[in-house]
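Before any comments, here is the structure.
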Amino acid sequence: MTDAAALPGQPRGGVLSGPATARAVNVLAPNASAMTLDGTNTWIVSEPGSELAVVVDPGPLDDVHLRTVIATAEEAGKRVALTLLTHGHPDHAEGAARFAELTRTSVRALDPALRLGDEGLAAGDVITTGGLEMRVVPTPGHTADSLCFHLPADQAVLTGDTVLGRGTTVVAHPDGRLGDYLDSLRRLRSLTVDDGVRTVLPGHGPVLEDAQGAVEYYLAHRANRLAQVETAVENGYATASEVVAHVYADVDRSLWPAAELSVRAQLEYLREHGLI
């Protein structure tokens with residue numbers, strides 16, 4: 001058995017659902033798969049002592065899960081007052097409209113198409129519901145609309161799919177772009193270096209205790225994959241599918257369609273920088 005402390009980001013062991021920090025509680029959605037790992041993490045975030053809570057990523061359109069999220073908040077003496085989205089992929093956002101109906105809340109997101117209410121989300125916004133301080137961090141790359149939420153009081157960041165609790169994420173070309181994603185990872189690294197962020201609260205997988213280590217691992221992984229793709233092209237692998245079969249030969253074939261999206265993003269990046 002591998003010691004979790006030796007893995008990238010030092011993933012926290014144990015049950016995924018439940019309290020993760022003083023302000024964040026996870027309710028795991030029942031949508032486990034090769035792509036979603038154990039399922040989508042739906043985060044209930046609130047200031048200790050406050051009666052109001054913010055929910056980040058209600059998850060799939062599963063009424064039992066959505067009602068479980070509400071019940072979990074209510075059992076802690078809190079009312080859901082606001083819904084936020086890290087991005088628009090269905091495993092994070094499909095249930096948002098129904099959740100908003102159940103809680104009578106607005107939904108704030110970067111993408112106007114996902115919003116319910118007058119307010120969106122943008123860089124520099126600060127969520128202050130119930131005395132909470134949660135800062136919006138733009139992190140495009142996985143998707144164009146990806147956001148993270150910095151929780152300064154807990155030295156934590158909610159990362160959606162930008163950083164996962166296990167493995168690495170997909171750059172979902174053409175919406176996702178590798179250059180943007182690398183910039184976003186560097187932005188997250190700055191939070192760990194300059195703003196004291198220690199903990200990653202991901203959209204999938206376990207909590208990570210070493211935020212800086214996780215981000216550094218992601219940056220190194222991306223640099224290594226990019227070099228492999230560049231070499232594969234130089235060796236005559238011309239199409240994205242050919243590159244996937246060569247570079248991702250050790251990866252479960254069920255993940256190859258997702259890997260191909262990342263490869264397409266990497267090929268685009270290499271062409272834009274005149275490297276192939």
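Keep in mind that the numbers below use all heavy atoms, side chains included, and drop hydrogens, waters and symmetry copies.
Thr36 and Ser33 form a side-chain donor-acceptor contact under 3.5 Å, judged by distance and modelled atom types alone. If you check the side chains of Thr86 and Asp57, you find a donor sitting under 3.5 Å from an acceptor. Counting only N and O atoms by type, the side chains of Asn235 and His246 include no donor and acceptor under 3.5 Å apart.
The distance from the CG atom of Leu147 to the OG atom of Ser184 is 9.5 Å, given to the nearest 0.5 Å. Distance CG/Leu121 to CZ/Phe149: 5.0 Å, rounded to 0.5 Å. Here Leu66 contributes atom CG and Leu61 contributes atom CG; the two are 6.5 Å apart, rounded to the nearest 0.5 Å. Taking CG of Asp111 as the start and CG of Asp145 as the end, the distance is 5.5 Å to the nearest 0.5 Å.
The pair Arg23-Glu47 counts as a salt bridge, with a side-chain nitrogen and a carboxylate oxygen less than 4.0 angstrom apart. Of the charged side-chain nitrogens involved, at least one lies within less than 4.0 Å of a carboxylate oxygen, so that Glu216 and Arg189 count as a salt-bridged pair. A salt bridge does not link Glu268 with Arg271: every distance from a Lys NZ or Arg NE/NH1/NH2 to an Asp or Glu carboxylate oxygen is 4.0 Å or more.
A donor-acceptor pair under 3.5 Å is formed between the side chain of Tyr181 and the backbone N or O of Thr162. In this structure, Asn26 contributes its side chain and Leu16 its backbone to a donor-acceptor pair below 3.5 Å. The main-chain N or O of Pro58 is found under 3.5 Å from a side-chain atom of His65 such that the two form a donor-acceptor pair. One N or O on the side chain of Thr169 and one on the backbone of Asp161 form a donor-acceptor pair closer than 3.5 Å. Using a distance-only test at 3.5 Å, with no hydrogens or angles considered, no donor-acceptor pair links the side chain of Asp175 to the main chain of Thr143. With Asn41 contributing its side chain and Gly205 its backbone, the two residues share a donor-acceptor pair below 3.5 Å.
Counting all heavy atoms, side chain and backbone alike, Thr105 lies closest to Val80 at CG2-O, 3.3 Å. Minimum interatomic distance between Arg222 and Leu182 (heavy atoms only, all atoms of both residues): CB-CD2, 3.8 Å. Taking all atoms of both residues into account, the shortest heavy-atom contact from Ala156 to His150 is O-CD2, 3.4 Å. Minimum interatomic distance between Val263 and Tyr248 (heavy atoms only, all atoms of both residues): CG2-CE1, 3.5 Å.
Here the side chains of Asn31 and Asp62 are not in contact, with every heavy-atom distance at 4.5 Å or above. Here the side chains of Met35 and Val170 are in contact, with some heavy-atom distance below 4.5 Å. In this structure, Ser46 and Leu52 have side chains that are not in contact, with every pair of non-hydrogen atoms separated by 4.5 Å or more. Residues Val157 and Val163 have side chains not in contact (no heavy-atom distance under 4.5 Å, counting atoms from C-beta outward). Contact annotation: the side chain of Leu84 approaches that of Met134 to within less than 4.5 Å [non-hydrogen atoms, C-beta and beyond]. Counting heavy atoms from C-beta on, the side chains of Leu85 and Arg108 never come closer than 4.5 Å. Side-chain contact between Leu275 and Leu226 is absent, with no heavy-atom pair separated by less than 4.5 Å.
Atom CG of Asp252 sits in a crowded spot, with more than 12 heavy atoms from other residues, nucleotides or ligands closer than 6.0 Å. When the shell of 6.0 Å around CZ of Arg198 is examined, it contains 12 or fewer heavy atoms from other residues, nucleotides or ligands. Other residues, nucleotides and ligands contribute over 12 non-hydrogen atoms within 6.0 Å of the CD atom of Glu272.
Using a 30° and 60° split on the angle between ring planes, His87 and His92 fall in the tilted class, from 30° to 60°.
Partners of Glu133 by side chain to side chain donor-acceptor pair (under 3.5 Å), not counting sequence neighbours, listed by chain and number: Arg135.
If you chain together hydrophobic residues whose side chains sit under 4.5 Å apart, Leu114 and Val107 fall into the same group.
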Item to complete: Step by step, work out the salt bridge (charged side-chain N to carboxylate O under 4.0 Å, His left out) result for Arg115 and Glu119.
Response: CA-CA 8 Å; Arg115 300 172 188 168; Glu119 287 189 286; over 6 Å; no
